Amino acid sequence: MVKTEREYREDICKVGQLVFQKGWVAANDGNITIRLDAERILATPTGVCKGMMSCEDLIIVDMKGNKIAGRAERTSEIAMHTTIYGMRPDIKAVVHAHPPVSTGYATAGRTLNLALLPEVVIGLGCVPLADYGLPGTPALTDPMLPLIPKYDALMMANHGAVCYGEDVFKAYFKMETVEHFARIHLVAELLGGPKVLPRTEVDKLLDSRTRYGVKARNAGEPGCPVALEDLGGRPPARADEEHFYVSRSELIQMVEDALRARGVA
């Protein structure tokens, strides 16, 4: 059932409260939009705390980002939203925020691309990092252009994250997954380093997307996600493989014996 414009306004305010309560934005950070139709976008304005908005605060812009209704001014980052809508006809809502841990990875120049959590591999594949661009200018969106068609969640270097989906709550849930993944990734690093899944397990997870009704676009995209073998590691040994163990002195002796057999030692 198609929602009314009033219901869409209420949805944006609800998501705004959620991102504010979770600490993903400070002061007037972030922006949220919903595509109303082929010509209009409902958007949060500039200079408004996302946790304290009213439905009347929201504005309407056209697909070029020009304001056509509302009392407040548009955000300087509206081009990021119109670019996503222009490149992704399937997308109906965009959420941009600065969740602290994933933004920390972005400011450190670190992607969230390792195959660590089944839910992330299935739902997002991975979360790539777009190069830095000055907010409010075309330089912000230019590095995102090759990534937008392939991914539903991006990090922006020294800036934050943006997620998009079929409705504003799905976009919000993707942002929630990104930040949750970043927190777990950080804890794993503090505990000695994450254990990356092997390619066979990654392929199984990607193949299961249809079973879970996931429409993520990056199935099999090179480097998304990065599996154990991509890092030069070996997958865990099978249970039916034979193992043997030697001491250091035994290993040295084996090497010396091998060298003598070849006439080297």
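Treat the numbers as computed from the prediction; the structure is a model and nothing was measured. The residues of the chain are indexed from 1 along the displayed sequence.
- The heavy-atom pair separating N28 from V48 by the smallest distance is OD1-C, 3.4 Å.
- Remark: D90 engages R88 in a salt bridge, criterion side-chain N to carboxylate O under 4.0 Å.
- Checked against the 6.0 Å centroid threshold, H96 and H81 do not count as a close aromatic pair.
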Mind running side chain to side chain contact (heavy atoms under 4.5 Å, CB included) on V202 and V226 for me, showing each step along the way?
CA-CA 9 Å; V202 172; V226 172; over 6 Å; no
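- Within 6.0 Å of the CD atom in E10, the count of heavy atoms belonging to other residues, nucleotides or ligands exceeds 12.
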I'd like to know whether E179 forms a salt bridge (Lys or Arg N to Asp or Glu O under 4.0 Å) with K22, so could you lay out the CA-CA distance, the side-chain angles of the two residues, the decisive distance to 0.1 Å, and finally the verdict.
CA-CA 10 Å; E179 181 67 357; K22 285 182 172 288; over 6 Å; no
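- A chain of hydrophobic side-chain contacts below 4.5 Å, direct or via other Ile, Leu, Val, Met, Phe, Trp or Tyr residues, connects V94 to L147.
- To the nearest 0.5 Å, atom NE2 of residue H159 and atom CG of residue L154 are 12.0 Å apart.
- Note that the OG1 atom of T44 and the CG atom of L42 stand 9.0 Å from one another [nearest 0.5 Å].
- None of L117, L124, V101 except one satisfies the side-chain contact (heavy atoms from CB on, under 4.5 Å) rule with F181; the exception is L117.
- No chain of hydrophobic side-chain contacts below 4.5 Å, direct or via other Ile, Leu, Val, Met, Phe, Trp or Tyr residues, connects I184 to L191.
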Apply side chain to side chain contact (heavy atoms under 4.5 Å, CB included) to I148 and I91, showing your working.
CA-CA 11 Å; I148 291 171; I91 294 303; over 6 Å; no
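- Here the shortest heavy-atom pairing between C55 and C13 reads N-SG, 3.7 Å.
- For H185 and Y105, the gap between ring centers is short of 6.0 Å.
- Residue L140 is grouped with residue V61 when hydrophobic side chains (ILVMFWY) are merged at heavy-atom distances under 4.5 angstrom, including chains of intermediate members.
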What do the steps show when you test I68 against R40 for side chain to side chain contact (heavy atoms under 4.5 Å, CB included), and what is the final call?
CA-CA 9 Å; I68 56 180; R40 301 180 305 149; 3.9 Å; yes
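- Annotation for N158 and T107: closest pair CA-CG2, 3.6 Å, computed over non-hydrogen atoms.
- A continuous path of Ile, Leu, Val, Met, Phe, Trp and Tyr side chains, each step under 4.5 Å between heavy atoms, connects I59 with M80, placing both in one hydrophobic cluster.
- L58 has its side chain within reach of P45: a pair of non-hydrogen atoms, C-beta onward, lies under 4.5 Å apart.
- Of the charged side-chain nitrogens involved, none lies within less than 4.0 Å of a carboxylate oxygen, so that E166 and R35 do not count as a salt-bridged pair.
- Annotation: side chain of V162 is in contact with side chain of Y164 (closest heavy-atom distance under 4.5 Å).
- One finds the CD1 atom of I12 at 13.0 Å from the CD atom of E7 (value rounded to the nearest 0.5 Å).
- The shortest distance between side-chain heavy atoms of Y8 and K92 does not fall below 4.5 Å.
- Residues V214 and Y172 fall into different hydrophobic clusters, defined by Ile, Leu, Val, Met, Phe, Trp and Tyr side chains chained together at heavy-atom separations under 4.5 Å.
- Contact detail for R209 and I122: the closest heavy-atom pair is NE-O, 2.8 Å.
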Verdict with reasoning, M144 to Y151, per side chain to side chain contact (heavy atoms under 4.5 Å, CB included):
CA-CA 10 Å; M144 300 168 59; Y151 303 93; over 6 Å; no
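- Taken to the nearest 0.5 Å, the CG atom of D207 stands 7.5 Å off from the OG1 atom of T210.
- For the atom pair CG of D11 and CZ of R6, the computed distance is 11.5 Å after rounding to the nearest 0.5 Å.
- T177 has its side chain within reach of V120: a pair of non-hydrogen atoms, C-beta onward, lies under 4.5 Å apart.
- Closest approach of A182 and L112 over heavy atoms only: CB-CD1, 3.8 Å.
- The heavy-atom pair separating D230 from P225 by the smallest distance is OD2-O, 4.1 Å.
- Residues K195 and L116 are not in side-chain contact: their nearest non-hydrogen atoms beyond the backbone lie 4.5 Å or more apart.
- Proximity of a side-chain donor or acceptor of S208 to a complementary backbone N or O of L205 within less than 3.5 Å is detected.
- Exactly one residue among K50, R71, R9 makes a salt bridge (charged side-chain N to carboxylate O under 4.0 Å, His left out) with D57. That residue is R71.
- Between L228 and R199 the shortest side-chain heavy-atom distance does not fall below 4.5 Å.
- For the pair R74 and T46, the minimum side-chain heavy-atom distance is 4.5 Å or more.
- Although no hydrogens or angles enter the test, the distance criterion places no donor-acceptor pair under 3.5 Å between the side chain of K174 and the main chain of G123.
- Between L36 and I41 there is no side-chain heavy-atom pair separated by less than 4.5 Å.
- We find the CD1-NZ distance between I32 and K14 to be 12.0 Å, quoted to the nearest 0.5 Å.
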